[in-house]
Amino acid sequence: MPAAIAAIGVHLPERVLTNEDLAAEFPDWTVAKIAGKTGIDGRHIAADDEFSSDLAVGAVRALQRDHDVDLSTIDHLIVVTQTPDHPMPAVSSIVHGALGLPTDCGTVDLALGCSGYVHGLGLASALLDAGQASRVLLVTADTYSRLLNPADRGVRTIFGDGATATLLEPAAPGRGASAFVYGSEGSGGGALCVPGGGLRDGGLPEAADPARRGLTASGADLYMDGPAVFEFTLRVVPPAVERVLAKAGVERDAIDTWVFHQANAFMLGHLRRKLGVPEDRFVVDLADVGNTVSSTIPIALARAKDRGALAEGSRSLLLGFGVGLAWSGAIIDW
Ligand SMILES: CC(C)(COP(=O)(O)OP(=O)(O)OC[C@H]1O[C@@H](n2cnc3c(N)ncnc32)[C@H](O)[C@@H]1OP(=O)(O)O)[C@@H](O)C(=O)NCCC(=O)NCCS
């Protein structure tokens, strides 16, 4: 039996970075210009003493507040993160300890970004389907703000921190996650990369070097070639959508809600028009959170659920794309 999403908890750090704050730092980018280009008004930023495992635990606590979940029954914990607290142990190990999960619970980190939630959903679904797990916690947690050069306005306007926790259980017949497709273009990975803070010096495109970008190196200094990521997305997403639909054996009209990775509103608008999806079926929900990487899809799902947009019997198409470069898609029958 595949996985059904039983509930989703969301946790966002308290601190908020607004467009007003950014416009004060970068006066030639006005509040209206930032909002107009990205569709983002604010992003949450982790406190100095707040790390991915803290956000992850917060998301599980949020899940527990809204849903009766007995943590002693969780037999697998997957944490999707690219900003671990330490090189080791894994964030999933830290979270396992902090939550007091059972010792017979498997733990694993997935080092994926924007495609991570759907990829994690696929792995969780496979564990459930194979009888290797009966109740899986899929957590997404990232503090990308720690990877950003303070003077790089192109990325500071886009990324925000956050975490989610999704409880996955075996689905009833005809329900749950299906039609998973995956794709990778590792040769393009340099378009979205972090040159600093790892073990290897060099090995990434010279363009990623902060000095070449007119920046004073500040640590990790995430590099994003915006037009390259844009081109990649518009090129790979439409065929990925076709693969999901073909695998599910359904037509486009059968999709009630399209929930893509919330990269930025500019790119989502281009994608929606290219795919010909009606505006009222296509979720754009990032104004107050920004691009939270692997958390964008579960945040959008949790909010859509709260609005009553994911009614029982309805169908969603999920698609994540970005860092890797990588993508993954699936159908959810609610
Ligand atoms: C980043 C991105 C929005 C830039 O758009 P673009 O049209 O390629 O931007 P350009 O560099 O050509 O600049 C066009 C205008 O937008 C402005 N602009 C670019 N990025 C901006 C931002 N983040 N906020 C405000 N204005 C921005 C530029 O200053 C320029 O203004 P001007 O016309 O007044 O000179 C776009 O490339 C994109 O969406 N890329 C995908 C990146 C992404 O989503 N990554 C997330 C990981 S999946």
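Side chains are part of it too, since the values below use all heavy atoms of this structure and drop only hydrogens, waters and symmetry mates. The first residue of the sequence shown is numbered 1, and numbering continues consecutively from there. Atoms within each ligand, like the ligands themselves, are counted from 1 in listed order.
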Legend entry - Asp48/Arg146 salt bridge by N-O under 4.0 Å criterion: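 Between Asp48 and Arg146 there is no salt bridge, as every charged N stays at least 4.0 Å from the carboxylate O atoms.
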
Inset, instruction - Please determine if Arg175 and Glu312 form a salt bridge, counting it only when a charged side-chain N lies under 4.0 Å from a carboxylate O. - result: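 Yes, this pair counts.
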
Need the list: ligand 1 N/O atoms against protein N/O atoms, distance under 3.5 Å, rounded to one decimal.
unit_1, atom_1, unit_2, atom_2, d
ligand 1, 7 (O), Lys37, NZ, 2.7
ligand 1, 23 (N), Thr157, OG1, 2.9
ligand 1, 29 (O), Trp29, NE1, 3.3
ligand 1, 29 (O), Lys33, NZ, 3.3
ligand 1, 31 (O), Lys33, NZ, 2.8
ligand 1, 34 (O), Lys33, NZ, 2.8
ligand 1, 37 (O), Gly226, O, 3.3
ligand 1, 39 (O), Asn264, ND2, 2.9
ligand 1, 40 (N), Gly226, O, 3.0
ligand 1, 44 (O), Asn264, ND2, 2.7

May I have the list of side-chain donor-acceptor pairs in residues 153-160 shorter than 3.5 Å, sequence neighbours left out?
unit_1, atom_1, unit_2, atom_2, d
Arg153, NH1, Asp28, OD1, 3.2
Arg153, NH1, Asp28, OD2, 3.4
Arg156, NH1, Glu25, OE1, 2.8
Arg156, NH1, Glu25, OE2, 3.3
Arg156, NH1, Pro150, O, 2.7
Arg156, NH2, Glu25, OE2, 3.1
Thr157, OG1, Arg153, O, 2.8
Thr157, OG1, Gly154, O, 3.3

Inset, instruction - Measure from the ring center of Phe230 to the ring center of Phe266 and say whether it is less than 6.0 Å. - result: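 Yes; Phe266 has its ring centre under 6.0 Å from that of Phe230.
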
Inset, instruction - Starting from Val57, walk the hydrophobic network (Ile, Leu, Val, Met, Phe, Trp, Tyr; side-chain heavy atoms closer than 4.5 Å) and list everyone else you reach, by chain and number. - result: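 Val60, Leu63, Val69, Leu71, Ile74, Leu77, Val79, Val91, Val95, Leu99, Leu101, Leu137, Val139, Leu167, all in the cluster of Val57.
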
Legend entry - By salt bridge (Lys or Arg N to Asp or Glu O under 4.0 Å) - contacts of Arg315 (at least two apart):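 By the salt bridge (Lys or Arg N to Asp or Glu O under 4.0 Å) rule, Arg315 matches Asp333.
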
